[in-house]
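We count ligands from 1, going down the list as the structure has it; atoms in each ligand are counted the same way.
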Amino acid sequence: MKPINVGLLGIGTVGGGTFTVLKRNEEEITRRAGRPIRITRVADKNLELARRVAGEGVNITDDAFAVVSDPEIDIVVELIGGYGVARELVLKAIENGKHVVTANKALLAVHGNEIFEAAQKKGVMVAFEAAVAGGIPIIKALREGLTANRIQWLAGIINGTTNFILSEMRDKSLPFAEVLREAQALGYAEADPTFDIEGIDAAHKATIMSAIAFGVPMQFEAAYVEGITRLDSVDIRAAEELGYRIKLLGIARMRDAGVELRVHPTLVPARRLIANVEGAMNAVLVQGDAVGATLYYGKGAGAEPTASAVIADLVDVTRLHTADPEHRVPHLAFQPDHVRDLKVLPIEDVVTSYYLRMRVDDKPGVLADITRILADCGISIEALIQREAAQGEAQTDIIMLTHETVERNANAAIAKIEALAVVSGQVTRIRMESLQ
Ligand code: HSE
């Protein structure tokens with residue numbers, strides 16, 4: 001059967017992996033797709049690299065717009081990244097009637113609504129398995145495998161760089177800055193690691209998952225995003241003593257009033273499987289009303305794991321290329337006219353539990369003052385540790401775990417506690433999820 005022709009934009013790590021895997025597994029992939037999948041054109045600024053990676057018989061150019069306008073190309077694979085030229089190219093490819101496969105989570109989280117609307121109008125597919133959690137087929141699971149369920153919540157370790165950093169901080173009791181340097185030397189973290197360590201990359205991915213889990217638009221701008229840069233090794237150790245691990249989680253939860261969409265360091269009970277996902281690995285826990293809890297684990301980045309997701313999309317698109325657009329799986333899992341305009345809740349309305357650590361004077365009545373404030377704010381204490389003051393010191397640390405409360409109440413209590421004369425500095429607050 002006639003091969004399907006693919007134009008590849010950007011031939012970095014994932015592009016290289018895509019060539020390798022397509023070649024190595026050509027026979028298997030063709031048997032699955034029903035026809036050969038061929039990358040016939042590549043656009044990259046680095047022509048020499050593109051020639052070396054693509055090999056003979058591939059038309060190489062540094063003009064990506066020429067590829068998206070090439071009438072011979074059926075599918076455009078966008079691996080450029082970012083939301084600048086990538087957005088223009090994807091929209092142009094759609095306008096030209098081409099299907100798009102992309103690994104670009106930033107683009108979809110920020111401009112997804114516009115892109116999917118354009119694709120819908122034009123009757124083309126935009127596939128994005130590689131955009132979330134690399135090789136883990138989490139988009140397929142959310143969009144198709146769990147389609148019988150009301151998805152209640154999901155929580156994911158969806159940034160390998162930060163999971164590696166947190167694992168190293170815990171294992172080796174090292175400070176954040178030192179482990180970040182190690183992560184950069186190992187090639188996990190980018191030279192500018194801001195998107196990873198500030199939680200932005202995870203928020204892009206959580207935004208995409210929330211949209212397909214709940215049938216709501218992409219609302220990245222409304223997500224609450226807190227990274228790991230202010231995390232202290234003291235809290236990682238204290239969490240451990242209390243039977244918890246600290247993970248950077250992307251969380252999406254359906255509430256009556258709206259959707260919770262948040263990324264922040266989170267205490268997770270150490271006995272949960274997801275708490276034991278270490279190093280640069282990713283995992284996503286999804287709770288559906290019928291299926292219960294399901295867990296997806298694997299490599300969230302890297303050449304071949306990400307290529308695995310890109311090629312899965314290429315096979316899907318190839319299979320459905322000739323199908324009536326009405327009969328394809330909707331881009332965002334729900335039929336476009338059934339997407340609900342449900343808003344992301346402000347962080348003050350989020351309901352969760354808290355780990356609180358405060359430095360206090362070691363004298364009578366201090367604990368009573370603090371617990372009174374918590375009680376007045378309707379916050380119940382689940383566990384409490386007060387350490388013996390160090391020799392010769394008049395101050396000590398109190399660490400508390402609270403039951404669930406609305407964040408607005410936690411903010412009020414923390415402000416009142418910080419205002420007490422017997423409390424020094426700021427209260428450290430880390431959200432906590434039981435993930436049950
Ligand atoms: N930078 C990401 C991570 C991989 O560290 O997981 C690409 O999304």
Side-chain angles (χ1 to χ4, degrees), residues 10-18 77-83 86 101-112 127-139 142 154-169 176 179-210 212 218 220 223 225-229 231 246-251 263-266 274 277-285 296-313:
I11 198 159
T13 310
V14 179
T18 304
V77 175
E78 185 274 306
L79 299 176
I80 294 173
Y83 6 72
V101 171
T102 179
N104 192 337
K105 55 254 161 187
L107 176 67
L108 295 181
V110 177
H111 297 292
F128 51 95
E129 186 62 72
V132 181
I136 305 174
I138 186 63
I139 300 299
L142 285 170
L154 59 85
I157 295 172
I158 42 181
N159 183 269
T161 304
T162 44
N163 202 50
F164 171 81
I165 293 173
L166 292 177
S167 299
E168 289 287 287
M169 284 174 77
F176 170 78
V179 184
L180 175 60
R181 279 195 295 277
E182 186 191 343
Q184 283 172 313
L186 286 169
Y188 287 133
E190 306 288 331
D192 176 4
T194 314
F195 269 33
D196 290 319
I197 62 179
E198 294 296 356
I200 299 163
D201 175 72
H204 287 146
K205 295 167 182 167
T207 299
I208 296 171
M209 289 196 290
S210 72
I212 57 173
M218 302 280 177
F220 170 71
V225 190
E226 181 184 321
I228 62 166
T229 51
L231 209 56
I246 299 181
K247 295 290 182 188
L248 184 72
L249 291 189
I251 298 171
V263 170
H264 49 70
T266 313
I274 197 168
V277 171
E278 299 288 13
M281 300 303 281
N282 281 201
V284 184
L285 185 55
Y296 309 84
Y297 169 84
K299 288 186 180 157
E304 293 203 11
T306 313
S308 166
V310 168
I311 295 167
D313 278 347

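The shortest contact between atom 7 (C) of ligand 1 and any protein heavy atom is with K105 NZ, 3.1 Å. Shortest contact from atom 5 (O) of ligand 1 to any protein heavy atom: T161 OG1, 2.6 Å.
Between H204 and F220, the ring-plane angle classifies as tilted under the 30° and 60° cut-offs.
Every atom of ligand 1 is numbered from 1 in the order shown, and the set under 4.0 Å from a heavy atom of G160 is 3 (C), 5 (O), 6 (O). Remark: ligand 1 atoms within the under-4.0 Å shell around heavy atoms of A301 are 4 (C). Applying the 4.0 Å criterion to heavy atoms of N159 picks out, from ligand 1, the atoms 1 (N), 2 (C), 3 (C), 5 (O), 6 (O).
Between the CG atom in L249 and the CD1 atom in I158 there is a gap of 8.5 Å [rounded to 0.5 Å]. Between the CG atom of D201 and the OG1 atom of T194 there is a distance of 11.5 Å, given to the nearest 0.5 Å. Note that CG of L231 is 6.0 Å distant from CG of L166, once rounded to the nearest 0.5 Å. From L180, atom CG reaches atom CZ of F164 across 10.0 Å, with rounding to the nearest 0.5 Å.
A donor-acceptor pair is defined here as one N or O able to donate and one able to accept, closer than 3.5 Å; no such pair exists between the side chain of N282 and the backbone of K299.
Under 4.0 angstrom from ligand 1, the non-hydrogen atoms of D196 all belong to its side chain. Proximity of D201 to ligand 1, defined as any heavy-atom pair under 4.0 Å, is confined to the side chain (atoms from C-beta onward).
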